[in-house]
Amino acid sequence: MLPRQKLMLTLLLALSLLLPLTGQVQVVEAAQQSSHIDAVLVVDDSNSMNKSDRNKISNEAMKMFIDMLSAKGDKVGVVAYTDRIQREKALLEIQSPSDKEDLKQFIDGLDRGSYTDIAVGVKEAVKVLKNGADPSHEPMIVVLADGNNDFNKASGRTQQQSDQELNQALAEAKQDGVPVYTIGLNADGKLNKAALGAIAQKTGGKAFVTDTADDLPQILSEIFASHLKLKIVPVQSITANGSYQDVTVNVPNASVLEANISMMSSKPVEVKLYDPSGKEVAIPSGDVLMSKSRTYSLIKLLKPAQGDWKLKVKGIAKDKIDINLVFNYDMELAMDQIPAKTYSKGDKIDINSYLISNGNKIQNTNLYQDMNAVLVVKDLDTGKTTETKLGNTGNHFSGTYEIPDRHAYEIKVRAEEKSFYRETPPVKISAKPGGTGAAANPGAGASASDSDKKPFPTLAVILGVLGLAVVLAALYFLLRMWKKANQGFVGQVVIEIRDENTGEKTYPQYKKLTAFKGKFNLHQLLQLAPELRETEKIIFTPGANDRIVLKNTSPNTIEKSGRAIDATKGLELKGGDRLTIPLIGVDKTIFIEYLV
């Protein structure tokens with residue numbers, strides 16, 4: 001679990017203690033928020049991939065994945081491994097098309113090396129997410145490999161050691177709620193399908209296999225659909241005839257945030273786009289983005305108007321063009337709170353569920369009219385799951401559930417239409433003798449007779465008030481901690497690195513700090529380059545008046561204006577300050593300038 005997630009869990013626990021004391025609070029069941037993705041792409045960059053991925057399908061897959069990400073807000077990192085980390089790019093928040101282009105250029109610049117150890121890549125990806133993921137985002141890892149290891153005999157590394165390290169990393173990923181999706185590359189027919197399948201299965205991800213770029217739109221669409229609770233919308237494939245051919249893209253409702261239209265073709269494709277009114281829309285333009293690679297073209301419509309859009313596609317005669325469509329929505333499904341009490345066999349529970357966006361109920365009846373919803377109930381004693389259809393009233397779903405036996409149950413609502421589905425968080429109730437009722441409202445459910453038997457009601461009130469004071473004090477303390485952990489940065493840092501053996505200096509790299517919250521280390525700014533790992537203990541935190549504070553617990557010396565500075569207790573930097581950091585482990589010197 002990530003640190004900020006732990007903090008928020010503590011806050012929620014404190015709130016759960018507060019609710020039974022107040023007695024008057026009515027809470028709507030918390031819904032899963034619409035969120036962005038934090039993804040790490042992990043690619044086998046060993047020489048063996050020259051055979052299993054001779055056409056560099058992995059590069060095309062990673063670039064297409066990046067193009068399918070939201071136009072703004074998602075974060076993505078890249079880990080290229082052999083039997084060590086070959087190259088790495090820390091999580092980068094997408095803010096503009098140029099950010100995506102930088103990532104794709106990084107991918108095209110990857111070189112292959114000797115030996116392979118998949119545990120190295122997966123372990124590093126988990127670490128990247130722990131260091132830089134946003135707890136409000138949906139984390140995921142995508143591994144592109146053939147699943148085979150090839151150890152350097154001189155290292156003494158064994159398969160058993162690799163398996164142990166891999167299993168530990170997968171256990172951490174599962175604990176943190178990070179599914180790992182695998183794409184097996186099988187151009188030479190030597191894919192280790194079982195190994196890649198086990199990686200996905202252990203973390204709640206999915207495994208895919210391909211030996212051709214033709215499969216990538218379907219695979220990546222399925223990964224996005226699985227992760228964001230979406231459905232792939234079938235769009236016709238066409239055989240090009242040298243002229244423009246019409247393809248209809250139906251945007252089903254006004255809640256679509258983005259429509260991703262991918263076209264896979266081995267030859268150049270020309271396209272024209274018309275909105276539902278019949279007006280031609282420029283590609284690209286303000287609300288239409290276009291991305292191209294050697295095997296695909298991808299059009300992203302931002303907040304498209306509801307209705308039938310027309311895509312005119314022209315390709316080289318006899319060339320097959322596969323087209324896929326995936327929508328992204330800004331909505332979730334919520335359920336009214338189930339009363340917290342001890343239930344009995346035969347009791348009936350009223351169920352009401354509805355779509356929400358930005359915390360507000362959606363009143364669009366057109367959105368509901370094509371949707372179906374079911375109540376999904378799992379008997380926790382027998383393991384049996386049943387589904388009961390709910391009524392659609394036009395602006396919410398409703399029904400009644402009758403408890404069939406004196407068991408414990410888990411209840412949730414699932415609603416779906418042709419392009420997406422949503423589920424409410426599950427709620428546990430108990431009809432067992434001495435059960436605690438609905439888990440959604442801990443501490444409630446005591447009967448009147450139980451209350452009558454308790455002596456000294458005045459003492460109970462006093463204890464309740466004291467408990468409330470303690471909880472409020474704890475909440476205040478935790479809130480201060482949470483604000484500190486989420487305090488943002490301003491400005492940017494300019495970094496140059498000089499090789500002391502050659503005297504060559506890298507071009508200045510401008511690193512915006514607004515993507516970081518609470519703190520970050522210098523190693524993250526250096527894209528987590530393995531040879532610069534000693535900079536992990538050089539930490540930056542936000543300061544007052546648009547300043548940042550550097551704390552150095554590493555053995556490295558921090559120099560300012562040619563003088564060594566003691567930064568073990570913190571060094572405040574203002575705009576224009578420059579630092580020099582000679583590294584100990586490698587013959588390199590890092591130059592830093594803070595700009596506001």
Side-chain angles (χ1 to χ4, degrees), residues 26-36 70 138 221-222 224-235 248-261 275-277 287 301-309 324-339 348-378 385-402 410-427 429 438 440:
Q26 294 295 320
V27 183
V28 173
E29 187 66 32
Q32 304 168 25
Q33 294 182 353
S34 299
S35 62
H36 288 290
S70 294
E138 294 286 346
S221 295
E222 286 193 35
F224 268 82
S226 174
H227 200 65
L228 296 178
K229 299 181 177 66
L230 305 172
K231 294 183 178 181
I232 301 171
V233 180
V235 177
T248 299
V249 176
N250 176 259
V251 176
N253 56 69
S255 293
V256 173
L257 281 180
E258 296 178 348
N260 292 289
I261 309 167
D275 67 18
S277 70
D287 295 326
L301 308 181
L302 305 179
K303 295 185 178 179
Q306 181 177 350
D308 288 338
W309 291 65
N324 275 273
L325 176 62
V326 175
F327 294 118
N328 191 13
Y329 287 90
D330 181 22
M331 68 175 75
E332 295 300 335
L333 189 66
M335 180 171 62
D336 278 343
Q337 181 182 355
I338 294 176
K348 294 182 179 180
I349 301 174
D350 291 329
I351 302 296
N352 290 287
S353 182
Y354 38 84
L355 295 167
I356 62 171
S357 178
N358 295 321
N360 299 315
K361 292 184 181 180
I362 297 175
Q363 300 297 334
N364 186 347
T365 56
N366 292 330
L367 184 60
Y368 280 89
Q369 67 182 7
D370 295 325
M371 296 192 70
N372 295 306
V374 294
L375 179 69
V376 182
V377 180
K378 181 178 181 180
T385 299
T386 59
E387 294 186 0
T388 305
K389 186 174 182 180
L390 296 176
N392 186 337
T393 67
N395 63 4
H396 73 282
F397 308 104
S398 64
T400 302
Y401 177 66
E402 183 175 336
E410 185 177 79
I411 295 176
K412 65 181 178 180
V413 175
R414 176 187 172 106
E416 60 186 319
E417 58 105 66
K418 65 179 181 180
S419 60
F420 75 98
Y421 70 93
R422 291 292 186 268
E423 292 180 344
T424 64
V427 176
I429 64 169

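Predicted, not measured: the structure shown is a model, and the values here were computed from it. Heavy-atom basis, side chains included; hydrogens, waters and symmetry copies ignored. FYI, the numbering just counts along the sequence from 1.
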Asks: Distance check, rounded to the nearest 0.5 Å: Tyr401 atom OH versus Asp350 atom CG?
Replies: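 Here the interatomic distance stands at 14.0 Å.
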Asks: In chain order, what residues pass the side-chain hydrogen bond (donor to acceptor under 3.5 Å, both in side chains) check against Asp308, with sequence neighbours excluded?
Replies: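 With sequence neighbours excluded, Asp308 shows a side-chain hydrogen bond (donor to acceptor under 3.5 Å, both in side chains) to Asn250, given in chain and number order.
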Asks: With sequence neighbours excluded, what pairs up with Ser70 under the side-chain hydrogen bond (donor to acceptor under 3.5 Å, both in side chains) test?
Replies: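 Per chain and number, Ser70 pairs via side-chain hydrogen bond (donor to acceptor under 3.5 Å, both in side chains) with Asp74.
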Asks: Considering residues at least two apart in sequence or located in another chain, which fulfil the side-chain hydrogen bond (donor to acceptor under 3.5 Å, both in side chains) criterion with Asn395?
Replies: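 Asn395: side-chain hydrogen bond (donor to acceptor under 3.5 Å, both in side chains) contacts with Thr393.
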Asks: Looking only at heavy atoms, which two atoms of Ile261 and Leu325 are closest? And how far apart?
Replies: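 Looking at all heavy atoms of both residues, the closest pair is CG1-CD1, 3.8 Å.
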Asks: For the side chain of Gln306 and the backbone of Pro252, is there at least one donor-acceptor N/O pair under 3.5 Å apart?
Replies: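 Yes, Gln306 side chain to Pro252 backbone: donor-acceptor pair under 3.5 Å.
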Asks: Taking all heavy atoms of Pro276 and all of Ala305, pick out the closest pair and write down the distance.
Replies: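 Shortest heavy-atom contact: CG-O, 4.1 Å.
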Asks: Is there side-chain contact between Asn392 and Asn372, with at least one heavy-atom pair below 4.5 Å?
Replies: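 SC-SC contact between Asn392 and Asn372 ruled out.
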Asks: Please enumerate all residues that pass side-chain hydrogen bond (donor to acceptor under 3.5 Å, both in side chains) together with Asp275, with sequence neighbours excluded.
Replies: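 Asp275 satisfies side-chain hydrogen bond (donor to acceptor under 3.5 Å, both in side chains) with Ser277 only.
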Asks: What's the shortest heavy-atom distance between Ala334 and Ser353, and which atoms?
Replies: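 Looking at all heavy atoms of both residues, the closest pair is O-OG, 2.7 Å.
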Asks: Does any N or O in the side chain of Thr424 come within less than 3.5 Å of the main-chain N or O of Val413, such that one atom is a donor and the other an acceptor?
Replies: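 Present.
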Asks: How would you list, by chain and number, every residue that makes a ring-ring contact (aromatic ring centres under 6.0 Å, His included) with Tyr368, sequence neighbours excluded?
Replies: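 ring-ring contact (aromatic ring centres under 6.0 Å, His included) check on Tyr368 returns Phe397.
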Asks: When you compare the side chain of Thr388 with that of Val377, does any pair of heavy atoms fall below 4.5 Å?
Replies: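 They are not in side-chain contact.
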Asks: Please name all residues satisfying side chain to side chain contact (heavy atoms under 4.5 Å, CB included) with Val374, sequence neighbours left out, ordered by chain then number.
Replies: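 Partners of Val374 under the side chain to side chain contact (heavy atoms under 4.5 Å, CB included) test: Val376, Glu387, Arg414.
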Asks: Taking all non-hydrogen atoms of both residues, which atom of Met335 and which atom of Ile351 are closest, and how far apart?
Replies: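 Scanning both residues, the minimum pair turns out to be SD-CG2, 4.3 Å.
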